[in-house]
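Single-structure report; data block below.
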Protein chains: 2
Amino acid sequence: MTAGASTLADDQPDRRARRRAAKRQVIIAEAWALAERDGLAAISLRDLAERVDLRQPSLYSYFESKLALYDAMFADANRMLVETIRRLPELDDPKAALVQFVRATVGFSSDNIVRHQLMFDRTIPGFQPSEHAYRPAVEFYDLGAQRLAAVGVWKPADLDVFTSLVAGLARQQVAKDPGGTRWMVLIPRVVDMFLSDIDRRRDVEGSSS
Amino acid sequence: MTAGASTLADDQPDRRARRRAAKRQVIIAEAWALAERDGLAAISLRDLAERVDLRQPSLYSYFESKLALYDAMFADANRMLVETIRRLPELDDPKAALVQFVRATVGFSSDNIVRHQLMFDRTIPGFQPSEHAYRPAVEFYDLGAQRLAAVGVWKPADLDVFTSLVAGLARQQVAKDPGGTRWMVLIPRVVDMFLSDIDRRRDVEGSSS
DNA sequence: GTCTATATTCGGATAGAC
DNA sequence: GTCTATCCGAATATAGAC
């Protein structure tokens, strides 16, 4: 019927979808700014709407509820962290690469405290990331696991120790010395400590078999 | 003038003060129950008043604002943690005592997630513990520092590493395996790792001098 | 100290016109 | 998709009688 308009009809939805996605991104970006100012739990859709030149009800065209907004923010923060890791220059020395990974991770938390809160604390009542939003978080975990594998660490218990080390450094840096480097500077030492422990345990295990 | 009533006049304020303090404690206890149910940030003074058989405005006789309530809860949680540590049986082996300390601390967080949140996360917008409420937190820190001193650890950087280890274990246990023991069981290993690292560094330092 | 009553503000969410 | 208008509920806090 409308043969000449078919390309138009096929393109238009894509453009619309892109524009829509772009605007969603703008909204999310402003939501972060608001969260930094007022606290994550204190975001109001009224303030948010004002910042993106919309009326408050119009936000419901982009997010079906406030929790859906948090979900999108959760995914956004995790994608940002994954991107941060991916952009790191590749290093030949696997141990140096591990230190680099931890530094980038703790640095991300330190530079993005509210993102860190949403990702790692459970601070919003009723919020639980959807499966979809959680996917980039898994991706991040895998990136860490890969660098651990490169130094011969793969046992689940070893991974758990490692995650708790990184979590602890990030937490203390964020909570006790925001903006500083008091725990950041300990990273090489902590990684050393961890790898030495792995070696030590390997030796013990080897000698007893 | 009222000589015969002077003992009465001296006692009555004490009794009143005690009753008042006792009721404050009841209110705080119910506040914790509410926080466990709805989330720390979602406590409402209405619900809280109902639970202690008061009308909502009457709470203002006990706490001058909601933030003052949080402040009292913060102090309460820290006192409870300090008490938990103090009640531990004394151990002769200083290393065992250190493991015991970490176990009790992480266990406390695991058993009291909302208290952990209030103490260690900054989750309530606008809340900052008063100097008075912060005192027991310092006391807790000192208890840890004492046990570290008993194994020869005293350097500030070493203390920072240790606090981040404990913080990381607690965090992962609370966030990723609430109610379980996945990170709890790693405690002896992590303490070993830490102390071995201290030894190793002492050796290096000693050989270079 | 406790109450009733109320001020005040703000929150998320919905209806329906355009 | 965006708007105006509005609902409805909830929140903290205060005034003033008892």
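Here is the naming used below: chain letters follow the sequence lines, and residue numbers restart at 1 for every chain. Source: prediction; values computed, not measured.
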From [atom1] of [X] over to [atom2] of [N], roughly how many Å is that when rounded to an integer?
X	N	atom1	atom2	answer
Glu50(A)	dC3(D)	CD	C1'	16 Å
Leu59(B)	dT4(C)	CG	P	13 Å
Arg55(A)	dC18(C)	CZ	C1'	15 Å
Leu34(A)	dG11(C)	CG	P	10 Å

For the side chain of Leu54(A), counting heavy atoms from C-beta on, which of dC3(C), dG1(D), dC3(D) is nearest?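 Nearest to the side-chain atoms of Leu54(A), counting from C-beta on, is dC3(D).
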Which nucleotide in the set dT2(D), dT4(C), dG1(C) lies at the smallest distance from any side-chain heavy atom of Tyr62(B)?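 The answer is dG1(C).
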Using modelled atom types and a 3.5 Å cut-off, is there a donor and acceptor pairing between side-chain atoms of Asn78(A) and backbone atoms of Phe74(A)?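 A pair under 3.5 Å: yes.
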Side-chain donor/acceptor of Thr181(B) to backbone N/O of Met184(B), under 3.5 Å: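 Pair absent, no side-chain N/O of Thr181(B) close to backbone of Met184(B).
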As an exercise, state the distance from CG of Leu40(B) to OH of Tyr70(B), rounded to the nearest 0.5 Å.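 So the CG of Leu40(B) and the OH of Tyr70(B) are separated by 5.0 Å.
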Once rounded to the nearest 0.5 Å, what's the spacing between atom CG of Leu69(B) and atom CG of Asp76(B)?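 With rounding to 0.5 Å, CG (Leu69(B)) is 10.0 Å from CG (Asp76(B)).
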At less than 4.0 Å, is any side-chain N or O atom of Ser58(B) found next to OP1 or OP2 of dG1(C)? Yes or no.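 For Ser58(B), the contact criterion (side-chain N or O under 4.0 Å from OP1 or OP2 of dG1(C)) is not met.
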Could you write nucleotides 9-14 of chain D as a row of B, S and -, 5' to 3', where a protein heavy atom under 4.0 Å of any base atom gives B, of only sugar-phosphate atoms gives S, and otherwise -? --BBBB
Describe, in one word, how the ring planes of Phe140(B) and Phe101(B) are oriented to each other, choosing from parallel (under 30°), tilted (30 to 60°) and perpendicular (over 60°).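 The rings of Phe140(B) and Phe101(B) lie parallel, inter-plane angle below 30°.
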Could you tell me whether the side chain of Met193(A) reaches within less than 4.5 Å of the side chain of Leu165(B), counting heavy atoms only?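 Counting from C-beta outward, Leu165(B) and Met193(A) do come under 4.5 Å.
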